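When a ligand or atom number is given, it counts from 1 through the structure's own listing order. Owing to the predicted nature of the structure, the values given are computational and were not obtained by experimental measurement. Note that the numbering runs from 1 along the sequence shown for the chain.
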Amino acid sequence: MKLLILDRDGVINYDSDAYIKSVEEWIPLPGSIEAIAQLSKAGWTVAVATNQSGIARGYYDVATLDAMHERLRTLVAEQGGEVGLIVYCPHGPDEGCDCRKPKPGMLKTIAAHYDVALTNLWFVGDSLGDLEAAKAVDCQPVLVKTGKGEKTQGLTLPVGTLIFDDLAAIAAELIHN
Ligand SMILES: O=P(O)(O)OC[C@@H](O)[C@H]1O[C@@H](OP(=O)(O)O)[C@@H](O)[C@@H](O)[C@@H]1O
Ligand SMILES: [Mg+2]
Ligand SMILES: [Zn+2]
């Protein structure tokens, strides 16, 4: 199956150093909803793996996070597509969980859910931790320049990292090649 895994903040929607704390603050990046819908209509399953330490920090609750994801699903459905499994890590950086990126726990969860191998599966992110999580399980790390991506590009990236301007460019690449 054609499975693509996306980071959320900075890839699908605008990110903020103050966290995305409400549905009102959750604003899609230009072309991201259309890109997910086009991929979905082209036979791709689009899943999401997102760190949400704002839960552990008390900035917002699970109901609010679910409302953001319902918004994402609604917007993509309005374009004729659908969003697959959304997995999030609600933990803080000091809790030692297995799911917080750069650990690959969420990627493993998604691959197991769809019963597909992780090897060379594209994982698209804007932060170094996203790329490291991908590399840890032999996924293909893909950096977008949206969100924190421009800054991340200046760091030492995992060998073989692919770089695209945004999610729309990734959709064009995957659909037309
Ligand atoms: O990019 P994804 O994984 O979808 O989500 C990132 C968010 O959970 C937040 O992650 C935080 O990092 P810390 O969790 O505080 O280290 C900060 O980078 C925030 O700016 C950001 O909004
Ligand atoms: Mg991100
Ligand atoms: Zn976690």
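Within 6.0 Å of NZ on Lys108 lie no more than 12 heavy atoms contributed by other residues, nucleotides or ligands. Atom CZ of Arg73 has more than 12 heavy atoms from other residues, nucleotides or ligands within 6.0 Å.
If you check which protein heavy atom lies closest to atom 22 (O) of ligand 1, you get Asp15 OD1, 2.5 Å. From the protein, the heavy atom lying nearest to atom 14 (O) of ligand 1 is Ser53 OG, 2.7 Å. Nearest to atom 4 (O) of ligand 1 among the protein's heavy atoms is Thr50 OG1, 2.5 Å. The protein heavy atom nearest to atom 12 (O) of ligand 1 is Tyr19 OH, 4.3 Å. Remark: minimum distance from atom 18 (O) of ligand 1 to any protein heavy atom is reached at Lys148 NZ, 3.4 Å. The nearest heavy-atom contact from the protein to atom 1 (O) of ligand 1 is Asp7 OD1, 2.8 Å. In terms of protein heavy-atom proximity, atom 8 (O) of ligand 1 is closest to Asn51 O, 2.5 Å. Here the protein heavy atom with the shortest distance to atom 16 (O) of ligand 1 is Arg100 NH2, 2.6 Å.
Only backbone heavy atoms of Ser16 (N, CA, C or O) come within less than 4.0 Å of ligand 1; its side chain stays farther off.
Looking at heavy atoms from C-beta onward, Val87 lies in side-chain contact with Thr109 at the 4.5 angstrom threshold. Contact annotation: the side chain of Leu4 approaches that of Val124 to within less than 4.5 Å [non-hydrogen atoms, C-beta and beyond].
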Exercise. Please report the C-alpha distance between Lys148 and Asp17 in whole Å, then the side-chain angles of each, then the deciding distance to 0.1 Å, and finally whether the salt bridge (Lys or Arg N to Asp or Glu O under 4.0 Å) criterion is met.
Key: CA-CA 10 Å; Lys148 298 180 171 71; Asp17 289 341; 3.8 Å; yes
Exercise. Go through the steps for Ser53 and Arg100 under the test side chain to side chain contact (heavy atoms under 4.5 Å, CB included), then give the verdict.
Key: CA-CA 9 Å; Ser53 69; Arg100 177 180 163 83; 3.8 Å; yes
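Here the Mg ion (ligand 2) is the vertex; the OD1 atom in Asp126 and the OD2 atom in Asp7 give an angle of 80° (to 10°). Between the ND1 atom of His91 and the SG atom of Cys99, the angle taken at the Zn ion (ligand 3) works out to 110° after rounding to 10°.
If you look at Asp9 and ask which of its N, O or S atoms sits nearest the Mg ion (ligand 2), the answer is O.
The contact set between ligand 1 and Arg8, taken as ligand atoms under 4.0 Å from a residue heavy atom, comprises 4 (O). Atoms of ligand 1 lying under 4.0 Å from any heavy atom of Arg57, numbered from 1 in the order shown and given with element: 13 (P), 15 (O).
Checked by atom type, the side-chain pair Gln52/Asp9 shows a donor-acceptor distance below 3.5 Å. If you check the side chains of Arg57 and Tyr19, you find a donor sitting under 3.5 Å from an acceptor.
Listed here is the closest heavy atom pair of Asp7 and Phe123: N-CE1, 3.5 Å. Annotation for Ile20 and Tyr60: closest pair O-CE2, 3.4 Å, computed over non-hydrogen atoms.
Between the Mg ion (ligand 2) and Asp15 there is no N/O/S contact shorter than 2.8 Å.
Not a single N or O atom of Asp130, backbone or side chain, sits closer than 3.5 Å to an N or O atom of ligand 1.
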